[in-house]
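Before any comments, here is the structure.
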Amino acid sequence: INFDISQISKTSRAKNSEKSSSKTAKMKSRDKTLTPVLIIPGFMSSVLTVQSSSLQPSWKDQRLWLNITALGFSSIQSGGKLRRNEEIRSTRMLNAERRCKSAKVSYDSAMEEMHVQYLKAVESKNQWVEHMRLSDDMISEKKGVVVRALPGTAGVDYLSEGALTESMSYVFGPVLKLLRRVGYKDGVNLEAVPYDWRIPPSVLETRDKYFTQTMQTIERLYHFNKNTPVVILCHSMGCKTAHYLFNFVVHNKGVKDGLQWLAKYISCYVPVGAPHIGAPASVRCIMDGDKMGLEAFLSDFEGLLLGRSLGSAPWLFPVETSETINASSIASSSPAPLKNKSETIPQTSQKASMPTSFLRQESSLHVTIPPQRLPLGSFLNDRDVYPTKVRLAIRLGKSLQMRTNYFTITQKEPFIDFDNETWIIPCPLDIEKTVHEYPSIQICLEKPGAGLPKRREKGICDFDILWPIRCALCIVKWFLCCPCALVARVCSFMFSGAMKGVDAGASALGSCVPIVDSELIRLNGALLGKNSTSTDTEEGIDRKLNIVVTLMERESDNELFFRQLLFWRHPPSEKIRLNVKWEPQSNSSMDPVPLWQKSIKFHACDTKQLLNTEGMGRALRLLKETYETDPVGPLTLSSWHPPPVKRIISVYGINQPTEVAAVYRRNPCKHIPSSNRKSDSSELQPTFVLDCDAVLNKQASATHSINRGIILETSKSPQTVIAADGKTLTQLKSGDGTVPYWSLQHCRMWRGQGLAKCDVTVHEIDRAEHRAILNDDRFHKILLDLLGCS
């Protein structure tokens, strides 16, 4: 092997020169002052920790959002070991005797240990939900619970710690790594201001002094870095938080001083994936619930419980197509900054290309049990085993079953008290089709289990008309055929034991059996005939019908035959009253909608109409009393209006299927229990649910898609794009998978507008998803170029 000494020397000189140049670059980077960066995270993007808790004191200082492993319920996900163990155990419980005789005692003991772990995990999950959700006012926390955001960059990097979970729960983690690699240091020129993303912005200030402290953090970064203005880097709802911060400064300091403060301390505003004028997914969050990405752990009810308690959801409600954004609409109630005459207000704004909510047009049938007491003693006193729980079931038509919750009864109090228990059932638009679909109604009384409760047998000591016959049969059975009687008794004993086991197993599985029922009552004639009363309303004509139903004891054919043969008294019976009311569809706009379905109509509605129809008074009160009275204007001034900063660099992804609307229909059967038996689950039962059967018409399906009631814009959806010269053109685009395109590109309207005459630059990244953009190399390059670190 021949070595080329000259080549080796050249290589060594090159390496030495590279080392010296890298050292020189590092020295220059040390001398150069980096532009300080302040990060404001988005919705569900700040780590939340438990500061104190009377419910779970051991959780103090632990991550609440998001650390399900430390909180003890990561193992109860669908398909997990504990969940599978519960399924096997519940099956084996149906045959307890066989399990006890099994030789695999060790396996069973392990199963019971896993069962105990499962119960602890479920309790831990329930406590987690109680810590996460807010009170009924959608502002304050549950009594005894204090949850706050983890301060600093540690609160915005990864939601869940660990090598395996970091890749799935990253927020600004990739961005922080990038900035640290080019010389940024936490607390010096790199800082983050996490916040409690569950509450409205005004409460963030009154409770946590968030915006006041953020101003102090900006001033500190400015002075630490040789009076260098700060870059405000935001993502998702954090962009609205920053927008609110800018107007908060102007509102508190006045227009002149506020603008001077912003010009001095703010270098530029960088919104990433910003829902400037809202996102329709926020409406569905509060209507249908939000499991926050924890579908494997949370039930539908728990998702609804969380979604309807978040006071920040209205902050993301979209600007409706019915709203006109112009000077006249805000002149009478504008905060101080809008009263400056030098300000230019845009006359129009980009809005949704279609309404954000559609409702299927349906009438409704209300079946109500009015206040009354139903005695049960005549049905149950002669039973061998007295039922401890019963419930009332109402069969409407051939298939629809409506049931009350179980009532606990005793021999001392054999009755049920009702207090306006109601069911609401969706029906076709006209009453003729309604009674054709639900032609009859029938009521029965059910008990848990698999068999009818056996009637107590009468002995020789019970004197009645059949006493001589019983006496003769007793003599024949025990004196003339004693062996046969003994065998029959043993067989009867074994059979009754087996039936008790079957009954217990069926009860554990949720089975029930009717013990009392009524005759079939025809509604088609009664509701349309003279027996019903009509009331004129704004929606149309209500039809009401009061029914008195007779409940009779269920009998076998043999019992019925002997009753008729021996002219016994009629079987015991009790009467119960029912009210049946048919309500027509409320009058609504008949504007054309992009939906088609045979013999079914839809109509569009705005967010407030939808919330009002759903009966969500708490959310409407929050909008009126908290958001609309806020002088900083989270839904107006700090939403569609240009922010009072000069330089804006907007970055967002495009061409991902993105939700732009949702189609709802009535809940197939909404149950409103008696007032004395209401619970969280009954109060949160939705009136409207997603209409999974909705179909787009031919024209709409060419540009949009629909999936289980959610309408999505696609890369084929036409968008009105605002060019740099202010002209508009139509292009085929869609949003980033979470925020629609019309909301992302709204910042284009701010060019040359507002108090600061905004200078807006827009970067659209093809196929970049809403969260994944934070880990996208294309975004990283834009950020480094902006900071001068490329």
### Query
Stepwise, does the salt bridge (Lys or Arg N to Asp or Glu O under 4.0 Å) test hold for D785 with K781?
CA-CA 6 Å; D785 290 343; K781 184 179 184 305; 3.1 Å; yes
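- Remark: Y741 OH to E713 CD distance equals 10.0 Å, nearest 0.5 Å.
- Between the side chain of Q745 and the backbone N or O of T720, at least one donor-acceptor pair lies under 3.5 Å.
- Summarising the geometry of M749 relative to I722, their closest heavy-atom pair is CG-CD1, 3.1 Å, with the distance given to 0.1 Å.
- Distance check: N227 CG to E219 CD gives 11.5 Å after rounding to the nearest 0.5 Å.
- Taking 4.5 Å as the limit, every side-chain heavy atom of V250 sits out of range of all side-chain heavy atoms of W261.
- Legend: ring pair (Phe, Tyr, Trp, His ring centres under 6.0 Å) pairs involving residues 761-790, not counting sequence neighbours, sorted by first then second residue: H235-H770.
- The stretch residues 236-260 participates, sequence neighbours left out, in no salt bridge (charged side-chain N to carboxylate O under 4.0 Å, His left out) pair at all.
- With contacts defined as side-chain heavy-atom distances shorter than 4.5 Å, the pair L34/C789 qualifies.
- With sequence neighbours left out, the salt bridge (Lys or Arg N to Asp or Glu O under 4.0 Å) criterion links R767 to no other residue.
- Shown here are the side-chain contact (heavy atoms from CB on, under 4.5 Å) partners of P151, two or more places apart in sequence or in another chain: there are none.
- Atoms CG and CH2, on D630 and W315 in that order, are 9.5 Å from each other to the nearest 0.5 Å.
- Side-chain atoms of D736 come within 3.5 Å of backbone N or O of V739 as a donor-acceptor pair.
- Comment: K608 does not engage D606 in a salt bridge, judged by the lack of any side-chain N to carboxylate O separation of less than 4.0 angstrom.
- In this structure, the side chain of Q731 does not engage the main chain of Q719 through any donor-acceptor pair within 3.5 Å.
- Residues I232 and I39 form no side-chain contact, since every pair of their non-hydrogen atoms from C-beta on lies 4.5 Å or further apart.
- Counted by atom type alone, T153 and D186 present one or more donor-acceptor pairs between their side chains at under 3.5 Å.
- One finds no salt bridge joining R618 and D137 here, because no Lys/Arg side-chain nitrogen approaches an Asp/Glu carboxylate oxygen to under 4.0 Å.
- The shortest side-chain heavy-atom distance between H746 and W640 falls under the 4.5 Å cut-off.
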#### Entry: side chain to side chain contact (heavy atoms under 4.5 Å, CB included) evaluation trace for L221 with Y265
CA-CA 9 Å; L221 285 173; Y265 291 105; over 6 Å; no
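- Applying the side-chain contact (heavy atoms from CB on, under 4.5 Å) test to A661 and every residue at least two apart in sequence or in another chain returns M354, F358, I711.
- The distance from the CE atom of M616 to the OG1 atom of T607 is 11.5 Å, given to the nearest 0.5 Å.
- The backbone N or O of F43 sits less than 3.5 Å from a side-chain atom of S45, completing a donor-acceptor pair.
- Under a 3.5 Å cut-off, the side chain of T658 and the backbone N or O of G737 do form a donor-acceptor pair.
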### Message
Set out, in order, the CA-CA distance, both residues' side-chain angles and the distance that settles salt bridge (Lys or Arg N to Asp or Glu O under 4.0 Å) for D759 and K646, then state yes or no.
### Response
CA-CA 6 Å; D759 178 14; K646 179 64 177 177; over 6 Å; no
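- Panel note: side chain S46, backbone P194; no donor-acceptor pair is recorded below 3.5 Å.
- The shortest side-chain heavy-atom distance between V663 and F602 falls under the 4.5 Å cut-off.
- Side-chain atoms of Y184 never come within 3.5 Å of backbone atoms of V37 as a donor-acceptor pair (strictly under, hydrogens ignored).
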### Message
Would T613 and T687 count as a side chain to side chain contact (heavy atoms under 4.5 Å, CB included) here? Give the steps.
### Response
CA-CA 8 Å; T613 308; T687 302; 5.9 Å; no
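- In this view, D766 and N655 satisfy the side-chain hydrogen bond (donor to acceptor under 3.5 Å, both in side chains) rule, not counting sequence neighbours.
- The salt bridge (charged side-chain N to carboxylate O under 4.0 Å, His left out) pairs that include a residue from residues 701-711 number zero, where partners must be two or more places apart or lie in different chains.
- With sequence neighbours left out, the side-chain hydrogen bond (donor to acceptor under 3.5 Å, both in side chains) criterion links T206 to no other residue.
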### Task
Please lay out, stage by stage, how Y170 and Y158 fare under the test ring pair (Phe, Tyr, Trp, His ring centres under 6.0 Å).
CA-CA 4 Å; Y170 71 84; Y158 302 94; 7.3 Å; no
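- For the pair G311 and L134, the tightest heavy-atom approach, listed with the atom from each and the gap, is N-CD1, 3.9 Å.
- Residues satisfying the side-chain contact (heavy atoms from CB on, under 4.5 Å) criterion with S638, sequence neighbours excluded, are H243, Y244, N247, V632.
- By the 4.5 Å heavy-atom criterion applied to side chains, I782 and V270 are not counted as neighbours.
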### Query
Are L159 and V47 close enough, and set up right, to give a side chain to side chain contact (heavy atoms under 4.5 Å, CB included), and what steps lead you there?
CA-CA 6 Å; L159 296 179; V47 174; 4.2 Å; yes
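- A donor-acceptor contact shorter than 3.5 Å is absent between the side chain of D290 and the backbone of L304.
- Considering OH of Y210 and CZ of F248, their distance stands at 11.5 Å, rounded to 0.5 Å.
- Taking the charged nitrogens against the carboxylate oxygens, D157 and K177 have no contact shorter than 4.0 Å, which rules out a salt bridge.
- In this structure, the separation between OH on Y664 and CD on E614 is 9.0 Å, given to the nearest 0.5 Å.
- Applying the salt bridge (charged side-chain N to carboxylate O under 4.0 Å, His left out) test to residues at least two apart or on different chains, the pairs with a partner in residues 273-289 are R284-E659.
- Closest of all the heavy-atom pairs between S236 and G42 is CB-CA, 4.1 Å.
- A side-chain donor-acceptor contact under 3.5 Å links E769 to the backbone of R771.
- Not counting sequence neighbours, the partners of T714 by the side-chain contact (heavy atoms from CB on, under 4.5 Å) test are S705, K716, S717.
- Taking each heavy atom of Y195 and I40 in turn, the nearest pair found is CE2-CG2, 4.0 Å.
- A side-chain donor-acceptor contact under 3.5 Å links S743 to the backbone of I277.
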### Query
Does the pair I765 and I654 meet the rule for a side chain to side chain contact (heavy atoms under 4.5 Å, CB included), with working shown?
CA-CA 6 Å; I765 302 178; I654 59 172; over 6 Å; no
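- Annotation for E628: atom CD counts as buried by contact number, over 12 foreign heavy atoms lying within 6.0 Å.
- L306 has its side chain within reach of M132: a pair of non-hydrogen atoms, C-beta onward, lies under 4.5 Å apart.
- Annotation: ring pair (Phe, Tyr, Trp, His ring centres under 6.0 Å) contacts involving residues 272-292, sequence neighbours excluded, comprise H276-W750.
- Side-chain contact check for P314 versus L622: some heavy-atom pair is nearer than 4.5 Å.
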